[in-house]
Every structure is written in C-alpha cells, then in structure tokens.
Amino acid sequence: MASDGAELAASHAAYILVVEDELFVRLLISDALREAGYRVLEAFNGDEAIDILTSGAHVDVILSDVRMPGSVDGLGLLAFVRKNFPDLPVVISSGHLASTLAFEYGANEFLPKPYAVAHAVAVIKAQLESF
C-alpha cells in the first residue's frame with residue numbers, strides 16, 4: 001500500500017519550470033527539485049520558457065535567472081507571465097539584480113545567487129503552499 005501512496009503523490013506532483021542558461025546550475029537545481037518529488041521542465045532562456053508556457057504545458061511555479069541569452073531575459077519573462085498567467089508564481093534568481101527591482105516587476109520571491117540548493121527547494125515549496 002505504501003507504494004500506492006507514493007504513486008498517488010507522484011501523480012499529483014507540482015510542475016516547476018526552471019529557466020537557467022548555465023547548464024551546471026540548471027542541472028543542479030533541476031535534480032534537487034526532482035529528488036524533492038517535483039516534476040521539472042527546463043528551459044535554456046526566456047524564449048524557450050515562453051514556448052513551453054504557450055504550448056499549454058502545465059506549470060505550477062517558475063524559477064528563472066535574469067541574465068540569459070536570447071530576446072527575452074528573466075524580467076521579460078516575468079512581464080510575459082504577469083500579463084498572460086497573472087496567478088503563476090515566479091521566483092527570480094540573480095547575482096546582479098537588486099531584489100527590489102525583481103519585486104517591482106512582480107516576482108513572488110527572489111533568490112540571490114549564489115544560493116544553496118536546499119534553500120531554493122524550500123522557496124519553491126513555500127510558493128506552492130501559499131497558493
């Protein structure tokens with residue numbers, strides 16, 4: 001019976017979209033989120049993230065870096081999400097941006113880089129529990 005409960009929990013696992021151009025960072029946080037029981041979608045930049053969101057993929061929380069290549073950075077992605085998915089929680093992460101600017105753009109939470117992976121997972125969990 002315990003495995004049935006685990007399968008049920010897995011079938012209801014939240015979907016986290018990780019948007020990060022640095023491969024090592026993206027893999028590290030994505031793996032930690034998967035180990036915590038979440039389903040993870042990955043995007044290299046804001047353009048890929050928008051493609052995922054507009055494809056109809058289910059996403060419960062976005063964790064996005066700010067500085068990324070492409071035509072849409074993290075703040076541009078945040079603006080897109082606020083316009084098109086206003087209730088979708090977005091956690092912004094950056095080593096260069098002031099947290100106040102992230103909140104002014106509508107971020108639900110801010111993670112300064114470098115961050116501890118366990119702290120990032122806890123922030124994601126808190127965002128899921130607040131909605």
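In the hydrophobic clustering of this structure, Leu97 groups with Val81; members are Ile, Leu, Val, Met, Phe, Trp, Tyr whose side-chain heavy atoms approach within less than 4.5 Å, directly or through other members. Criterion: ILVMFWY side-chain heavy atoms under 4.5 Å apart, direct or through other members. Under it, Ile92 and Val19 are part of a common hydrophobic cluster. Under a hydrophobic clustering in which Ile, Leu, Val, Met, Phe, Trp and Tyr are joined whenever their side-chain heavy atoms come within less than 4.5 Å, directly or via other members, Leu28 and Val61 fall into the same cluster. There is no path of hydrophobic side-chain contacts, each under 4.5 Å, that joins Ile16 to Leu88. Under the 4.5 Å side-chain heavy-atom criterion for ILVMFWY residues, no single connected hydrophobic cluster contains both Leu41 and Ile124.
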Side chains of residues 100-110: which donor-acceptor pairs under 3.5 Å do they make with residues two or more places apart or in other chains?
from: Asn108; atom 1: OD1; to: Arg82; atom 2: NH2; distance (Å): 2.7
from: Asn108; atom 1: OD1; to: Val90; atom 2: N; distance (Å): 2.8

Name every donor-acceptor pair, under 3.5 Å, that has one atom in a side chain of residues 68-76 and the other anywhere in the protein, sequence neighbours excluded.
from: Ser71; atom 1: OG; to: Asp47; atom 2: OD1; distance (Å): 2.6
from: Asp73; atom 1: OD1; to: Leu75; atom 2: N; distance (Å): 3.2
from: Asp73; atom 1: OD1; to: Gly76; atom 2: N; distance (Å): 2.7

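Contact record, Ala49 with Ala43: N-CB, 3.6 Å, taken as the closest heavy-atom pair. Of all heavy-atom pairs spanning Gly37 and Ala13, the tightest one is O-CB, 3.1 Å. In plain terms, the two heavy atoms of Pro89 and Asp60 that are nearest each other are CD-O, 3.2 Å.
The ring-ring contact (aromatic ring centres under 6.0 Å, His included) contacts involving residues 52-84 comprise Tyr15-His58, where partners must be two or more places apart or lie in separate chains. Residue pairs meeting the salt bridge (charged side-chain N to carboxylate O under 4.0 Å, His left out) criterion with at least one partner in residues 120-131, sequence neighbours excluded, are Lys125-Glu129. Contacts classified as side-chain hydrogen bond (donor to acceptor under 3.5 Å, both in side chains) and involving residues 85-95 (residues at least two apart or in different chains) are not found. Sorted pairs that involve residues 20-53 and meet ring-ring contact (aromatic ring centres under 6.0 Å, His included), not counting sequence neighbours, are lacking altogether.
Of the inter-residue distances, the one linking Ile29 atom CD1 with Leu33 atom CG reads 4.5 Å to the nearest 0.5 angstrom. To the nearest 0.5 Å, atoms CG (Asn84) and CG (Leu53) are separated by 9.0 Å. In this structure, CD1 in Ile62 is found 9.5 Å from CD1 in Ile52, a value given to the nearest 0.5 Å. To the nearest 0.5 angstrom, Asn45 atom CG is 9.5 Å from Ser64 atom OG.
Not counting sequence neighbours, the partners of Leu27 by the side-chain contact (heavy atoms from CB on, under 4.5 Å) test are Leu23, Glu42. Take Lys113 and apply the side chain to side chain donor-acceptor pair (under 3.5 Å) test, not counting sequence neighbours, and it matches Glu20, Asp65. Remark: Asp31 pairs with Arg34 by the salt bridge (Lys or Arg N to Asp or Glu O under 4.0 Å) rule, at least two apart or across chains. Take His119 and apply the ring pair (Phe, Tyr, Trp, His ring centres under 6.0 Å) test, not counting sequence neighbours, and it matches no residue. By the side-chain contact (heavy atoms from CB on, under 4.5 Å) test, Ala79 is found to be paired with no residue, residues two or more places apart in sequence or in another chain being considered.
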